[in-house]
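Scroll down for the structure; my scribbles are underneath it.
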2 protein chains.
Amino acid sequence: MTKREEFILQSLQLIHQKGFKATTIRDIAASMDCDVSNVYNYIDSKQGLLETHLFAINEEFHENVDQIIESSYAPKDKIKKLISCYVDLTVSRPLESSLLVNEWRNLKEPKLSKFIKARESFERKVKKIIIEGISEGAFRQMDAELATFSMLSSVRWLFNKYAGKKIKVNKVQVEKEIVDFVLNGLND
Amino acid sequence: MTKREEFILQSLQLIHQKGFKATTIRDIAASMDCDVSNVYNYIDSKQGLLETHLFAINEEFHENVDQIIESSYAPKDKIKKLISCYVDLTVSRPLESSLLVNEWRNLKEPKLSKFIKARESFERKVKKIIIEGISEGAFRQMDAELATFSMLSSVRWLFNKYAGKKIKVNKVQVEKEIVDFVLNGLND
DNA sequence: TTATTGTATCAACATTTGTTGATGTAAATT
DNA sequence: AATTTACATCAACAAATGTTGATACAATAA
């Protein structure tokens with residue numbers, strides 16, 4: 001692992017543990033046992049560090065999501081695909097995923113607005129799928145907004161389980177468990 | 001509304017919006033149009049502000065939770081009660097609830113460990129209920145841990161919807177929607 | 001060989017930020 | 001009337017924190 005890669009890993013690790021604001025440049029430097037000023041060999045600014053990684057994973061995520069949404073899958077299958085997509089990203093890059101959930105508020109304008117707009121747009125699309133599913137009779141009658149957020153939240157916590165731990169994960173099994181929960185709940 | 005109450009409201013509001021670390025004493029002072037030093041008429045320290053409100057709502061929550069858990073309700077009804085309990089607290093005090101979800105990591109030792117222990121203890125209890133429900137046949141076969149966190153996440157996002165907005169909410173209806181989601185999912 | 005790239009060191013600065021002390025004043029409580 | 005309570009003002013400090021500039025040295029690429 002090159003020093004630059006170690007830097008990225010340690011930075012994301014620290015940000016995950018303590019939060020972006022609470023993570024100082026000196027923390028990062030200490031974690032890789034180097035001088036403070038050395039950190040600036042890898043970044044332009046602390047803010048830039050956040051922006052880079054946050055938007056990198058965000059854009060990758062939304063590209064995948066849009067392909068699913070624009071597909072001709074039925075609502076229920078779109079939801080399944082979305083969950084797979086989210087789990088996939090989370091399991092393979094939990095530290096960056098944590099930025100999407102926890103650290104976006106530390107963005108500054110205009111990046112902050114850009115992110116919020118993208119996220120709201122995404123949530124609207126998901127809500128639309130659910131509404132469609134309800135009117136098709138695939139889903140039961142319910143408050144689409146509450147359902148949307150409950151469903152998204154069921155996946156959004158997941159990075160916590162994998163960030164910073166070396167767990168061998170059966171990604172497919174995790175996807176199945178979450179899909180089952182979202183579609184069928186605890187009952188049966 | 002007394003000045004002290006305004007102070008508490010504005011503080012929690014700001015912390016909810018920007019996060020605890022990003023909220024400065026000067027921000028708080030500005031929001032109630034007073035001098036910086038004036039803030040210290042109401043608090044001992046910024047850290048104390050967080051600790052006070054976070055543990056206040058945390059302890060209230062856990063008292064309610066424990067009564068439910070130690071009751072003789074069947075697992076499914078315990079889950080329903082737990083959701084009611086959580087929704088209730090969230091809807092009536094969303095700003096403080098946000099501390100429980102977002103700001104606990106800004107606690108310092110030993111308070112941080114104290115909080116984490118309590119939360120993990122709570123999560124274990126919920127997991128136990130789910131395991132019991134599975135073995136009784138009330139719930140379907142599934143990974144109890146994933147189910148626990150998925151279920152809890154389905155409620156934990158809720159404060160976002162009510163914090164800082166003056167929305168007239170039918171608490172009972174929200175509880176029903178979330179219970180339906182957790183028990184039955186989107187399907188039917 | 002020369003130029004570039006990745007990494008390292010040391011000192012220093014400007015801002016931000018939490019916090020304090022000393023003090024004043026009007027209203028409420030005793 | 002005396003005293004406590006709630007709230008206000010002003011000036012100032014110490015620590016934390018992001019950032020820079022100047023420099024060096026070894027490996028790699030041209």
Side-chain angles (χ1 to χ4, degrees), chain A residues 1-56 95 99 102-112 115, chain B residues 1-56 95 99 102-112 115:
Chain A
M1 182 162 56
T2 155
K3 200 81 185 177
R4 177 173 236 102
E5 289 169 332
E6 189 195 342
F7 163 77
I8 294 176
L9 183 66
Q10 295 283 12
S11 302
L12 294 179
Q13 188 80 53
L14 279 171
I15 292 174
H16 166 67
Q17 282 166 19
K18 318 177 44 167
F20 175 73
K21 273 273 177 189
T23 301
T24 70
I25 300 291
R26 282 164 180 80
D27 286 336
I28 298 175
S31 79
M32 35 186 262
D33 199 37
C34 77
D35 195 281
V36 187
S37 70
N38 219 310
V39 169
Y40 287 88
N41 288 329
Y42 307 112
I43 57 172
D44 289 333
S45 69
K46 193 193 172 192
Q47 205 63 30
L49 172 66
L50 175 63
E51 291 164 4
T52 302
H53 294 283
L54 195 149
F55 279 103
L95 292 175
L99 301 181
N102 283 328
E103 307 302 343
W104 60 267
R105 346 182 240 188
N106 294 304
L107 290 170
K108 294 192 175 164
E109 296 294 359
K111 307 255 182 187
L112 177 59
F115 176 84
Chain B
M1 180 163 57
T2 156
K3 201 83 185 178
R4 177 174 236 103
E5 290 169 331
E6 189 195 340
F7 163 77
I8 295 176
L9 183 66
Q10 294 284 11
S11 303
L12 295 179
Q13 189 80 54
L14 279 170
I15 292 173
H16 166 66
Q17 283 166 18
K18 317 176 48 168
F20 175 73
K21 272 275 177 187
T23 301
T24 70
I25 300 289
R26 283 163 180 81
D27 286 336
I28 297 175
S31 79
M32 37 186 260
D33 198 38
C34 77
D35 195 282
V36 186
S37 72
N38 219 311
V39 169
Y40 288 86
N41 288 329
Y42 308 112
I43 58 173
D44 289 333
S45 69
K46 193 192 172 192
Q47 205 64 29
L49 172 66
L50 175 63
E51 290 164 4
T52 302
H53 292 98
L54 195 149
F55 280 102
L95 292 175
L99 301 181
N102 283 328
E103 307 302 342
W104 59 268
R105 358 182 231 186
N106 294 303
L107 291 170
K108 295 191 175 166
E109 295 295 358
K111 307 255 181 187
L112 177 59
F115 175 84

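Sequence lines set the chain letters: A, B, ... in the order given, protein chains first and strands last, and positions in each chain run from 1. Computed from a predicted structure; not experimentally measured.
Inter-residue side-chain proximity for A:Thr2 and A:Phe7 is flagged as unmet; no heavy-atom pair is nearer than 4.5 Å. Contact of the A:His53 side chain with the A:Leu95 side chain is not registered, since no non-hydrogen atoms from C-beta on lie closer than 4.5 Å.
Summarising the geometry, the separation between CG on A:Leu50 and P on D:dT17 is reported as 17 Å, rounded to the nearest angstrom. Going from atom CD of A:Gln10 over to atom C1' of C:dT7 covers 17 Å, rounded to whole Å. Atom NZ in B:Lys18 sits roughly 12 Å away from atom C1' in C:dT17 (whole-Å rounding).
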### Task
Apply the test salt bridge (Lys or Arg N to Asp or Glu O under 4.0 Å) to residues A:Arg105 and B:Glu103: give CA-CA distance (whole Å), side-chain angles for both, the deciding distance (0.1 Å), then the verdict.
CA-CA 13 Å; A:Arg105 346 182 240 188; B:Glu103 307 302 342; 2.8 Å; yes
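Listed here is the closest heavy atom pair of B:Lys46 and B:Lys21: NZ-O, 3.6 Å.
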Are there any protein N/O atoms within less than 3.5 Å of an N/O atom in nucleotides 4-7 of chain D, and if so, which ones and at what distance?
residue : atom : partner : partner atom : Å
D:dC7   : OP1  : B:Thr2  : OG1          : 3.0
D:dC7   : OP1  : B:Lys3  : N            : 3.3
D:dC7   : O5'  : B:Tyr42 : OH           : 3.3

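For the pair A:Asp33 and A:Lys21, nearest-nucleotide mapping onto DNA chain C gives the more 5' position to A:Asp33.
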### Query
Can you give one letter per nucleotide of nucleotides 19-28 of chain C, 5' to 3': B if a protein heavy atom sits under 4.0 Å from the base, S if only from the sugar-phosphate, - if neither?
BBB-------
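None of A:Ile25, A:Leu12, A:Asp44, A:Ile28 except one satisfies the side-chain contact (heavy atoms from CB on, under 4.5 Å) rule with A:Leu49; the exception is A:Ile28.
Using a 30° and 60° split on the angle between ring planes, A:Phe115 and A:Phe55 fall in the perpendicular class, above 60°.
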Which pairs of donor and acceptor atoms, one on a side chain in residues 35-43 of chain A, lie under 3.5 Å apart (sequence neighbours left out)?
residue : atom : partner : partner atom : Å
A:Asp35 : OD1  : A:Ser37 : N            : 3.0
A:Asp35 : OD1  : A:Ser37 : OG           : 3.2
A:Asn38 : OD1  : A:Asn41 : ND2          : 2.7
A:Asn41 : ND2  : A:Asn38 : O            : 3.4

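Atom CD1 of residue A:Ile15 and atom CD of residue A:Gln10 lie 11.5 Å apart, to the nearest 0.5 angstrom.
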